[in-house]
Amino acid sequence: MLKMNKSDQTLAELIKSARKEKGLSARKLASLLNISHTEINNMESGIRIKPSIIVLKGLEQYLDIPFKESAKLAGYSKETIEYGEEEIIVSYEMYDKKIRDMKDEVKHAEYIIDQKRHLAMDIEDYFKDIHEYLRKQDNVDKDLLNKANSIDKFLSEIEKKYESISKEK
């Protein structure tokens, strides 16, 4: 099979060969670009033919593929390649900052979720005694007991939701 000139390569071939030259796995590159490894596979197989400009800028940074070359192969207009699009990140520093900001937001959201989980656990601990007391009473109001049962069930659901979120990390 004839080897293509670099200028004859498709974007898919260019990305795959550059990634391999850098010794990066698809998963590692995906992690650096903050996208899924499936998206890397889609780009390398030619399914994703027009990655976003931010992804192309990341490929420039991590694979040394010139942005103008990859953007041209992806089918972006000359104007877009030359000037970028509104609201588009067009520098390494801005790209890295955006990724750091997104990771910071995720950490903050995880912190808030964890704080709420601990609060729910504390409430559950305090509520157990009250709920147990109500269940042991012979003449407790049925509506009150039903409400207490609902609260107990709700508190249990919070823990299940947290564990589900934790598994998704």
Side-chain angles (χ1 to χ4, degrees), residues 11-12 15-16 19 22-63 67 70-71 74-76 80 84-169:
L11 181 59
I15 293 169
K16 190 172 190 172
R19 177 181 61 77
K22 292 285 185 181
L24 295 172
S25 67
R27 287 188 186 274
K28 179 63 178 173
L29 180 59
S31 175
L32 291 169
L33 296 174
N34 205 31
I35 61 176
S36 72
H37 74 280
T38 303
E39 187 64 14
I40 297 294
N41 292 334
N42 287 344
M43 287 188 291
E44 290 183 354
S45 65
I47 294 170
R48 165 71 72 199
I49 57 174
K50 194 171 186 177
S52 69
I53 288 177
I54 193 168
V55 169
L56 296 179
K57 293 302 288 183
L59 294 174
E60 181 177 48
Q61 181 174 1
Y62 297 111
L63 299 181
F67 170 73
S70 65
Y76 283 98
T80 298
E85 293 179 345
E86 269 186 50
E87 305 296 319
I88 296 295
I89 297 169
V90 292
S91 74
Y92 299 145
E93 295 80 17
M94 290 175 69
Y95 178 82
D96 286 341
K97 182 183 182 312
K98 189 72 166 173
I99 297 298
R100 278 193 309 275
D101 289 349
M102 288 172 50
K103 287 179 179 178
D104 288 345
E105 285 180 34
V106 168
K107 282 182 186 175
H108 181 68
E110 288 171 345
Y111 171 78
I112 296 296
I113 289 168
D114 198 48
Q115 291 298 309
K116 288 184 177 188
R117 175 182 179 241
H118 286 292
L119 179 62
M121 289 170 62
D122 289 346
I123 291 170
E124 185 177 31
D125 283 344
Y126 291 119
F127 183 72
K128 277 182 189 178
D129 293 338
I130 296 168
H131 191 222
E132 188 62 32
Y133 173 80
L134 290 173
R135 283 194 300 212
K136 289 181 179 179
Q137 300 304 307
D138 292 333
N139 59 353
V140 69
D141 180 40
K142 296 263 188 228
D143 285 339
L144 181 61
L145 187 56
N146 286 338
K147 286 179 183 176
N149 290 335
S150 294
I151 291 169
D152 187 54
K153 184 178 177 183
F154 175 74
L155 292 170
S156 296
E157 289 297 315
I158 289 174
E159 183 62 26
K160 288 177 189 173
K161 286 179 184 178
Y162 175 79
E163 287 182 18
S164 171
I165 290 169
S166 294
K167 287 178 185 176
E168 290 178 15
K169 288 182 192 177

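Basis for what follows: all heavy atoms, side chains included, without hydrogens, waters or symmetry-related copies.
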Peer 1: If you round to the nearest 0.5 Å, how far is CG of Asn41 from NE2 of His37?
Peer 2: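 Separation between the atoms: 6.0 Å.
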Peer 1: What are the two closest non-hydrogen atoms of Glu124 and Leu155, and how far apart are they?
Peer 2: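 Distance-wise, the nearest heavy atoms are CA-CD1, 3.7 Å.
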Peer 1: Nearest heavy-atom pair of Pro51 and Ala74: which atoms, and what distance?
Peer 2: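 Where Pro51 meets Ala74 most closely, the heavy atoms are CD-CB, 4.1 Å.
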Peer 1: Mind checking the CD1-NE2 spacing from Ile113 to His118? Nearest 0.5 Å is all I need.
Peer 2: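 Answer for the CD1-NE2 pair, Ile113 versus His118, is 12.0 Å.
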Peer 1: Between Glu60 and Phe67, which heavy-atom pair has the shortest distance, and what is it?
Peer 2: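 Closest approach of Glu60 to Phe67, heavy atoms only: OE2-N, 3.1 Å.
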Peer 1: Please report the C-alpha distance between Glu132 and Arg135 in whole Å, then the side-chain angles of each, then the deciding distance to 0.1 Å, and finally whether the salt bridge (charged side-chain N to carboxylate O under 4.0 Å, His left out) criterion is met.
Peer 2: CA-CA 5 Å; Glu132 188 62 32; Arg135 283 194 300 212; 2.5 Å; yes
Peer 1: Mind running side-chain contact (heavy atoms from CB on, under 4.5 Å) on Met43 and Ile35 for me, showing each step along the way?
Peer 2: CA-CA 12 Å; Met43 287 188 291; Ile35 61 176; 3.9 Å; yes
Peer 1: So which atom in His131 and which in Ala148 form the shortest heavy-atom distance, rounded to 0.1 Å?
Peer 2: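 Residues His131 and Ala148, closest heavy atoms: CD2-CB, 3.4 Å.
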Peer 1: Looking at every non-hydrogen atom in both residues, tell me the closest pair between Leu32 and Tyr62 and how far apart they are.
Peer 2: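 Heavy-atom minimum between the residues: O-CE1, 3.7 Å.
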Peer 1: So Glu163 and Glu159, side-chain contact (heavy atoms from CB on, under 4.5 Å) or not? Walk me through it.
Peer 2: CA-CA 6 Å; Glu163 287 182 18; Glu159 183 62 26; 3.2 Å; yes
Peer 1: Any chance you could lay out the side-chain contact (heavy atoms from CB on, under 4.5 Å) test for Asn149 and Lys153, step after step, and finish with the verdict?
Peer 2: CA-CA 6 Å; Asn149 290 335; Lys153 184 178 177 183; over 6 Å; no
Peer 1: How many angstroms lie between atom CG of Leu56 and atom CD of Gln61, to the nearest 0.5 angstrom?
Peer 2: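 So the gap between those two atoms works out to 13.0 Å.
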Peer 1: Start with the C-alpha gap between Leu59 and Leu33, add the side-chain angles, then the distance that decides, and say whether side-chain contact (heavy atoms from CB on, under 4.5 Å) holds.
Peer 2: CA-CA 8 Å; Leu59 294 174; Leu33 296 174; 3.8 Å; yes
Peer 1: With no hydrogens and no angle check, is any side-chain donor or acceptor of Ser150 less than 3.5 Å from a backbone partner on Asn146?
Peer 2: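 Side chain of Ser150 to backbone of Asn146: a pair is present.
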Peer 1: More than 12 heavy atoms of other residues, nucleotides or ligands under 6.0 Å from CD1 of Ile49: is that the case?
Peer 2: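 Open: at most 12 neighbouring heavy atoms sit under 6.0 Å from CD1 of Ile49.
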Peer 1: Give the minimum heavy-atom separation between Ile15 and Leu63, together with the two atoms involved.
Peer 2: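 Shortest heavy-atom separation between Ile15 and Leu63 comes out as O-CD1, 3.9 Å.
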